[in-house]
Visitor: 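Just dropping this structure here.
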Amino acid sequence: MTGLPTTLLRSGATLLVVLAGMAAALAQGYPPPPQGAAPLPPPGAAPPPPAPGPAVGGPTMAPPPPPAEAIPPPPGPRWVWQPGFWAWNGYQYVWAPGHYVRPPHRHAIWIAGHWVARPHGWVWVPGHWG
């Protein structure tokens, strides 16, 4: 077969495979993912740290107060502690723990990021070297 009948047959077969996969997922009790939501990591896997920043549909409430964070000794001279922060992952705040980094030059100073209230919600202002 060639032409239109072949294309229709392939499209029908593809649709059948997709529908069969959806039926199998529903039979196993997996709910469909919410529209526009990011996929969840597999069970037991640590999710990647969220990238903070303004997003469409960003937070409309202030972030929680930061938790007490134990600061370990630096791994070496000139290492700088970057404190943890509340990141917005699209539907809730998630704590991103602090860590040590090497400054780009000897006199660099880390200016921590912070959340700022705006008329339509909260916006993350990223940290930077000063």
Visitor: Report the residues that fulfil side-chain contact (heavy atoms from CB on, under 4.5 Å) with His120, sequence neighbours left out, ordered by chain and then residue number.
Guide: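 Applying side-chain contact (heavy atoms from CB on, under 4.5 Å) to His120 gives none.
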Visitor: Who passes side chain to side chain donor-acceptor pair (under 3.5 Å) against Gln82, sequence neighbours left out?
Guide: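 Testing Gln82 for side chain to side chain donor-acceptor pair (under 3.5 Å), a comparison that skips the adjacent residues, returns His99.
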Visitor: How many angstroms lie between atom CZ of Arg78 and atom CZ of Arg106, to the nearest 0.5 angstrom?
Guide: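 One finds 4.5 Å between CZ of Arg78 and CZ of Arg106.
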Visitor: By ring pair (Phe, Tyr, Trp, His ring centres under 6.0 Å), which residues pair with Trp110, not counting sequence neighbours?
Guide: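 Here the qualifying residues are Trp129.
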Visitor: Apply the hydrophobic cluster definition, ILVMFWY joined by side-chain contacts under 4.5 Å directly or through others, and give me every member besides Val125.
Guide: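 Val125 clusters with Val116.
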Visitor: Compute the centroid of each ring, for Trp86 and then for Trp115, and state whether the two points are separated by less than 6.0 Å.
Guide: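 No: the rings miss the under 6.0 Å criterion.
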Visitor: Measure from the ring center of Tyr93 to the ring center of Trp122 and say whether it is less than 6.0 Å.
Guide: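 No; Trp122 has its ring centre 6.0 Å or more from that of Tyr93.
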Visitor: Without placing hydrogens or testing angles, list every side-chain donor-acceptor pair under 3.5 Å for residues 58-73, not counting sequence neighbours.
Guide:
{"from": "Glu69", "atom 1": "OE1", "to": "Gly84", "atom 2": "N", "distance (Å)": "3.0"}
{"from": "Glu69", "atom 1": "OE2", "to": "Gly98", "atom 2": "N", "distance (Å)": "2.5"}

Visitor: Are Val80 and Tyr100 linked, directly or through intermediate hydrophobic residues, by side-chain heavy-atom contacts shorter than 4.5 Å (ILVMFWY only)?
Guide: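 No, Tyr100 and Val80 fall in different hydrophobic clusters.
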Visitor: In the hydrophobic clustering that connects Ile, Leu, Val, Met, Phe, Trp and Tyr at side-chain heavy-atom distances below 4.5 Å, which members other than Ile109 occupy its cluster, ordered by chain and number?
Guide: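 None; Ile109 is a cluster of one.
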Visitor: Under 6.0 Å between ring centres: does that hold for Phe85 and Trp124?
Guide: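 Between Trp124 and Phe85, which both carry aromatic rings, the centre distance is below 6.0 Å.
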